[in-house]
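Because the structure is predicted, anything quoted here is derived from the model rather than measured. All residue numbers in this chain count up from 1 along the given sequence.
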Amino acid sequence: MKSHLNVPPGRARLPALAMAGVLVLGAAACAGHRPEGTGGPGKVVTKRSAGPGESVSKQRIGRLKVGVLGAIPTLDPNRNLGAGLYTNSLGLESLLRVGHDGRLEPWLATGYEQKSTTVYEYHLRRGVKFSDGSPLTSEDVRYSWNYYRARGSARAHYYANVADISTPDEHTVRVTLKTPDASWKYTPAMFWSGVFQKKHAEAHKATFGQPGTLVVATGPWKFDSLNPTSGMELTVNEHYWGGRPAVGRISVTSYSEDNSLALALRSGEIDLAPGVGSPKAFDATAGKNTVTTVATCATALLSLPTRTAPWDDAHVRRAVAYALDREAVVASTQGRAGAPLQTLISPLLMRPLGSEERVDKALATVPTYEHDIAKAKAELAKSKVPHGFSGTFVTAQSFTPTVEVIVDQLKKVGINLRIQSMNDTAWASKATGPAHQRPVTAAETGACSPDPSFDSIFLGKANTAQGGLNLANYTPPRIDELIASGLTAQRPAQRLRIYTDLLKHLGRDVPYVPLYAEGAHYASLKYGIAGFDSYTMNMPWALNVVAE
């Protein structure tokens with residue numbers, strides 16, 4: 001099965017669990033496949049990014065001043081979480097990238113071949129060099145990916161199904177999986193597969209990624225310096241395979257919170273912030289409409305413990321689904337949300353499985369719950385608690401404003417929940433503790449892969465283990481069967497049927513009530529990011545920066 005993505009070299013012109021009131025599964029936000037944006041320099045969002053290695057801008061930008069939230073303690077890609085995810089991708093490149101339609105496109109590899117259901121071969125682009133002038137080889141890729149999959153790595157779970165990585169020749173990388181897994185094909189396009197130089201990493205094992213050692217990579221910009229508390233500097237990689245990028249120098253400054261970041265943008269201290277925490281508050285502080293937002297493939301959800309009374313009654317759970325006004329919930333997020341959502345698996349993740357017409361037709365068969373108080377009361381009347389009940393809603397402190405809106409809506413149908421707000425660490429422990437003790441709660445999934453199997457992390461028997469993410473303790477055997485077959489099936493049409501069937505079960509049983517598609521945001525008064533979409537931050541995104 002060949003999947004060649006032959007494109008000539010271009011010329012210049014998210015599991016690791018970090019808690020901040022959300023379940024962040026290993027990445028910075030990933031925006032949805034649709035390119036429409038709102039606010040700020042949104043008009044540039046509809047421009048497509050250029051070809052592999054190319055800069056979109058025709059105009060030279062001597063220096064781009066970037067502001068990020070949080071410190072960057074290291075460039076080690078296994079430890080560089082948070083703010084560093086926006087900066088590592090400026091230098092570390094992946095073999096493939098995800099296009100606007102969710103399909104794979106070439107980058108460091110010109111294509112790949114799926115030799116069998118468990119064997120993939122990647123063909124490296126010729127002439128790619130590291131920033132020190134030495135050539136990229138398949139051994140560098142093998143070393144990088146083995147580094148990510150090593151025991152104790154923050155990225156190891158993405159490689160859990162890999163049996164072996166080999167190098168038939170210096171331009172070919174072969175990956176052998178333990179079992180068929182249709183989701184694997186996206187791994188070489190994500191930030192957790194960025195390639196670095198083996199020779200440099202081996203020579204500096206004790207200080208790899210730290211100031212003074214840094215990382216040697218192939219990207220358009222090379223890492224020149226790092227201050228773990230204040231920021232970093234990058235300059236042009238003179239050996240870049242895509243030609244000289246439009247942006248010559250990138251200066252990154254770290255800020256401790258949104259307000260400081262917004263003030264820096266307002267004063268001209270920075271030109272662009274690739275990540276914003278609270279868009280509405282940011283714009284208010286910046287004094288202008290600066291933020292561009294796109295909906296993501298990540299899902300915010302309400303979790304209902306399906307094995308705990310009275311939540312074990314499907315009529316109660318359906319009543320909740322009807323009672324929620326998603327537009328009001330979205331408004332409570334201060335601009336963080338992209339759009340209301342009706343299915344646990346975002347429709348954006350279903351798009352690669354068929355034509356738009358075929359996917360829409362399949363999703364139309366999935367039960368959904370539009371806001372309707374009369375229907376909510378009717379469902380509750382069919383339950384074991386027809387006159388309503390009281391209980392507790394456990395939430396992380398940072399999610400409390402949204403939970404307050406949800407709780408007020410549920411009161412209208414006789415469901416009275418007391419909010420128990422706790423710090424993020426305590427909340428994470430409670431939400432992923434013993435399965436039979438998991439509470440009613442809400443979470444955001446954070447970054448996702450482009451595959452519909454992503455949301456199966458919230459389902460299945462295995463994920464009810466302590467620390468697992470089956471927050472609803474939802475374990476029908478048929479769900480485990482569908483999860484397994486969704487990975488082993490290879491044909492998109494077959495996978496579309498499987499995940500549609502899975503969504504039908506979720507629609508009938510309502511273990512989770514999807515709330516909204518999370519938003520991805522950037523802010524600038526001077527620049528836009530062309531083609532800002534699902535996976536912009538997985539690639540050297542400054543290639544897509546254009547002047548307003």
Side-chain angles (χ1 to χ4, degrees), residues 17 19 21-23 299-324 329 344 367 369 376-396 399-400 402-422 424-445 455-480 483 502 505-515:
L17 204 57
M19 296 294 172
V22 297
L23 287 172
T299 304
L301 52 85
L302 171 61
S303 173
L304 306 175
T306 58
R307 308 284 287 276
T308 304
W311 305 104
D312 58 348
D313 189 326
H315 293 296
V316 170
R317 302 195 297 271
R318 291 175 195 145
V320 170
Y322 277 127
L324 292 187
V329 172
L344 180 64
Y369 299 83
K377 289 181 177 179
E379 280 291 342
L380 194 62
K382 299 175 187 177
S383 75
K384 297 180 290 186
V385 284
H387 305 296
F389 61 94
S390 299
T392 301
F393 195 126
V394 175
T395 182
F399 214 72
T400 300
T402 296
V403 170
E404 288 173 344
V405 171
I406 294 171
V407 167
D408 284 344
Q409 292 175 353
L410 296 182
K411 286 180 181 177
K412 297 176 183 178
V413 297
I415 299 175
N416 297 288
L417 302 179
R418 178 181 64 87
I419 297 175
Q420 182 181 356
S421 182
M422 54 184 65
D424 297 341
T425 301
W427 171 79
S429 178
K430 183 84 170 177
T432 64
H436 67 285
Q437 296 178 9
R438 293 183 180 181
V440 176
T441 193
E444 290 181 337
T445 64
D455 287 302
S456 63
I457 58 177
F458 294 103
L459 306 168
K461 185 68 175 177
N463 290 322
T464 61
Q466 191 148 338
L469 296 178
N470 188 341
L471 306 180
N473 196 15
Y474 179 64
T475 59
R478 178 57 180 160
I479 298 301
D480 276 316
I483 291 171
L502 179 62
H505 281 274
L506 297 175
R508 289 190 294 266
D509 295 345
V510 197
Y512 299 100
V513 181
L515 300 173

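- Residues Tyr369 and Gly507 share a closest heavy-atom pair of OH-O, 2.6 Å.
- Within the 4.5 Å cutoff, the side chain of Leu459 has heavy atoms near those of the Leu502 side chain.
- Without hydrogens or angle criteria, Thr395 side chain to Ser421 main chain gives no donor-acceptor distance under 3.5 Å.
- Between the side chain of Asp313 and the main chain of His315, a donor-acceptor pair closer than 3.5 Å is present.
- Atom CG of Asp455 and atom CG of Leu344 lie 4.5 Å apart (nearest 0.5 Å).
- When every heavy atom of Pro305 is checked against every heavy atom of Trp311, the shortest pair comes out as O-CB, 3.2 Å.
- Checking side-chain atoms of Asn463 against main-chain N and O of Ser456 turns up a donor-acceptor pair under 3.5 Å.
- Not a single donor-acceptor pair under 3.5 Å links the side chain of Thr475 to the backbone N or O of Lys461.
- Here the side chains of Leu471 and Tyr512 are in contact, with some heavy-atom distance below 4.5 Å.
- Note that OG of Ser303 and CZ of Arg317 are 10.5 Å apart. Values are rounded to the nearest 0.5 Å.
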request  = Check the pair Leu515, Leu324 against side chain to side chain contact (heavy atoms under 4.5 Å, CB included), reporting the backbone distance first and the verdict last.
outcome  = CA-CA 8 Å; Leu515 300 173; Leu324 292 187; 3.7 Å; yes
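- When all heavy atoms of Pro386 and Ala381 are compared, the closest pair comes out as CB-O, 3.6 Å.
- Between the side chain of Asn470 and the backbone N or O of Gly460 there is at least one donor-acceptor pair closer than 3.5 Å.
- Among residues two or more places apart in sequence or in another chain, the side-chain contact (heavy atoms from CB on, under 4.5 Å) test is passed with Gln420 by Thr392, Val394, Arg418, Met422.
- Not a single side-chain hydrogen bond (donor to acceptor under 3.5 Å, both in side chains) links Thr464 to another residue, sequence neighbours left out.
- No side-chain donor-acceptor contact under 3.5 Å links Arg307 to the backbone of His436.
- The shortest side-chain heavy-atom distance between Val513 and Leu301 does not fall under the 4.5 Å cut-off.
- When the side-chain contact (heavy atoms from CB on, under 4.5 Å) test is applied to Asp312, the partners found at least two apart in sequence or on another chain are Ala309, Lys384.
- The closest donor-acceptor contact from the side chain of Arg318 to the backbone of Ala376 lies at 3.5 Å or more, if one exists at all.
- The side-chain heavy atoms of Val510 and Val320, taken from C-beta on, include no pair separated by under 4.5 Å.
- Between atom CZ of residue Phe399 and atom OG1 of residue Thr441 there is a gap of 8.0 Å, rounded to the nearest 0.5 Å.
- Two residues are said to be in side-chain contact when any heavy atoms from C-beta on lie closer than 4.5 Å; Phe393 and Leu302 meet this criterion.
- In this structure the side chain of Val413 never reaches within 4.5 angstrom of the side chain of Tyr322, judged on heavy atoms.
- For the pair Ala319 and Leu380, the tightest heavy-atom approach, listed with the atom from each and the gap, is CB-N, 3.8 Å.
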query = side chain to side chain contact (heavy atoms under 4.5 Å, CB included) between Asp509 and Thr306: does it pass, once the steps are laid out?
reply = CA-CA 9 Å; Asp509 295 345; Thr306 58; over 6 Å; no
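- Contact record, Thr432 with Arg438: O-NH2, 3.2 Å, taken as the closest heavy-atom pair.
- Note that CZ of Phe458 and CD1 of Ile479 are 15.0 Å apart. Values are rounded to the nearest 0.5 Å.
- Of all the heavy atoms in Ala396 and Trp427, the pair that sits closest is N-CD1, 3.4 Å.
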